[in-house]
Amino acid sequence: MKYLLLCGAALLTSLTSVTAPALAADQHAPQPGTPLPAPASPADAASRPIAPPAATPEALPSGASPPASHSASDGKATPAQALIAKGRYIAAAADCAACHSMPGSAPYAGGYAFQLPIGTLYSSNITPDKTHGIGRWTEAQFVRAIREGVRPDGASLYPAMPFPSYARMTDADLHALYVYFMQGVQPVAQAVRPNSIPWPLSMRFPLAVWRWVFAPSPDAARKSAERPFPTPEMARGAYLVEGPGHCGACHTRRGLAMQETALTAQDGPHYLAGGAAVDGWTPPSLRGEPRTGLGAWSVADLTAFLRSGRNKRGSAFGNMDTAVHHGTQYLTDEDLTAMARYLKSLPPADATQAGWEPDPAATHALQAGGRLTPGQQLYLDNCAACHRSNGAGYAPAFPPLAGNPVVQNRSADSLIHIVLTGATLHGTAAAPSAFTMPGFGARLTDAQVATVVTFIRQAWGNTAPAVTDTDVAHLRKTLTPDTIQSAPPTPVDPAPVRADAVPQRAAQDPSQETAHPAM
């Protein structure tokens, strides 16, 4: 659930095709159900597909330590420890913490509320606690839940769990992820609130039909993931975006049955062309539209955004801030660049969209003073100090509004939401400073918010539809403490992995009964 995630001539002229696994599961990867720990050798650990490219430990983010064959006694990670570190890296790539962690609560203990058309769904506890978490799950059960959306008791998971995307993940990656959650995460004996979904919508058996119709089988998903790409880098980027990154879960529109209308770039221009509102935030297009997509962004812009949540063109907010905070900031530059190159390869869904051209009229009016329109006056009084009279902001601290894809999106929900409630751009390892925009909902009426938002969407060359006070009133009513959840102030795994500091699981009573997470 996340926003603004998210090529050269050499790529266009390359005649060599590669398959995703360069991405694919290695031939020696243990199959689901293999006893822990594994792998058997350092070479096997080093060959697993999602492990970050070789780098010095100092250059790697938390959770991205390269596999090593040394023992803990010489200060280097053992193969088992390296596998846990690799699983931690995969958990960041898959953004597990963003949905399964809450501010002020233990990592992965669940409780995040999803406001869905059918009711409220609370994310499950995925720590290795044997009563409230997944501590009794076998690896085969874990893999089936992730790839197919089926719990150990045979019940279907709600598709808020992005198993249609996770179905593309390799055996080796899921094995490392299982090892990490079972051996590298502390169990938390915390029950999750029951879902608030009325009967008969709460019945799970129809979800089996939903999975059969809309979710790909693991075999079909892996076949798609292994399709030819121009370069290994492009294959890697596609795997991360379409698979563990599950970018389409938010940035692709859904059909009447809440299914993603496209799961990969193979499925046509609907993929990553912008999604429906989630918690009052509307995910923009990640394709090549020059105004409402990423057409004006460079590979470097995208890489910087995924690494730090900010660049000269915009800043992350809402659920995208959470995705960067818990996930993409921990990925290597090589992986972030691969994701960016893949996204830049996607043509615009709307090929007729013209590029943004600056218009100085609004700037001249704001700087000249005199008689201002209501929208200009509200902007000058409330917004110009940070975003400037020319709408250029002070990037990357305060993002530009002129030419911003979110500002020009077909839906104004995100802009209305941030004006009403404000937002915090949390610090990351690459950009430690946090910046908070205050909310103006308490001081501006619905009509005033609509007026200033309309001005922003139509000034400096922006061309987006006007906003009405009815639009603002409707969104204001939907904003609750659950829908304005924000990322914790610190990441789930803020400290680097040390060879002598792999978390140890606490002993549990073997007589405890198995409980199945609510999702």
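Since this is a predicted model, take the numbers as computed values, not measurements. As a basis for the values below, the full set of heavy atoms in this structure was taken, side chains included, without hydrogen atoms, waters or symmetry mates.
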Apply side-chain hydrogen bond (donor to acceptor under 3.5 Å, both in side chains) to Gln266 and list each qualifying residue two or more places apart in sequence or on a separate chain. Ser224

Can you check whether Phe317 and Trp281 have ring centres sitting under 6.0 Å from each other? yes

Donor-acceptor contact present, side-chain His387 to main-chain Pro399, <3.5 Å: yes

Using 4.0 Å as the upper bound for N to carboxylate O, is an ion pair formed by Arg144 and Glu139? no

Decide if the gap between the ring center of Tyr89 and the ring center of Tyr330 is smaller than 6.0 angstrom. no

Does any donor atom in the side chain of Asn462 or Trp356 lie under 3.5 Å from an acceptor atom in the other side chain? yes

Decide if the gap between the ring center of Tyr239 and the ring center of Tyr342 is smaller than 6.0 angstrom. no

So, do Pro128 and Val185 sit near enough that their side-chain heavy atoms are less than 4.5 Å apart? yes

Between Tyr166 and His246, is the ring centre distance below 6.0 Å? yes

Exactly one of Gln353, Arg457, Arg291 should register a side chain to side chain donor-acceptor pair (under 3.5 Å) with Gln408. Which one does? Arg291

Could you pull out all donor-acceptor pairs under 3.5 Å where a side-chain atom in residues 298-306 meets a protein atom, sequence neighbours excluded?
from   : atom 1 : to     : atom 2 : distance (Å)
Ser298 : OG     : Ala300 : N      : 3.4
Ser298 : OG     : Asp301 : N      : 3.0
Ser298 : OG     : Asp301 : OD2    : 3.2
Asp301 : OD2    : Ser298 : N      : 2.9
Asp301 : OD2    : Arg313 : NE     : 2.9
Thr303 : OG1    : Val299 : O      : 2.9

Think Arg388 forms a cation-pi with Tyr394, using NZ or CZ under 6.0 Å from the six-ring centre and within 45 degrees of its axis? yes

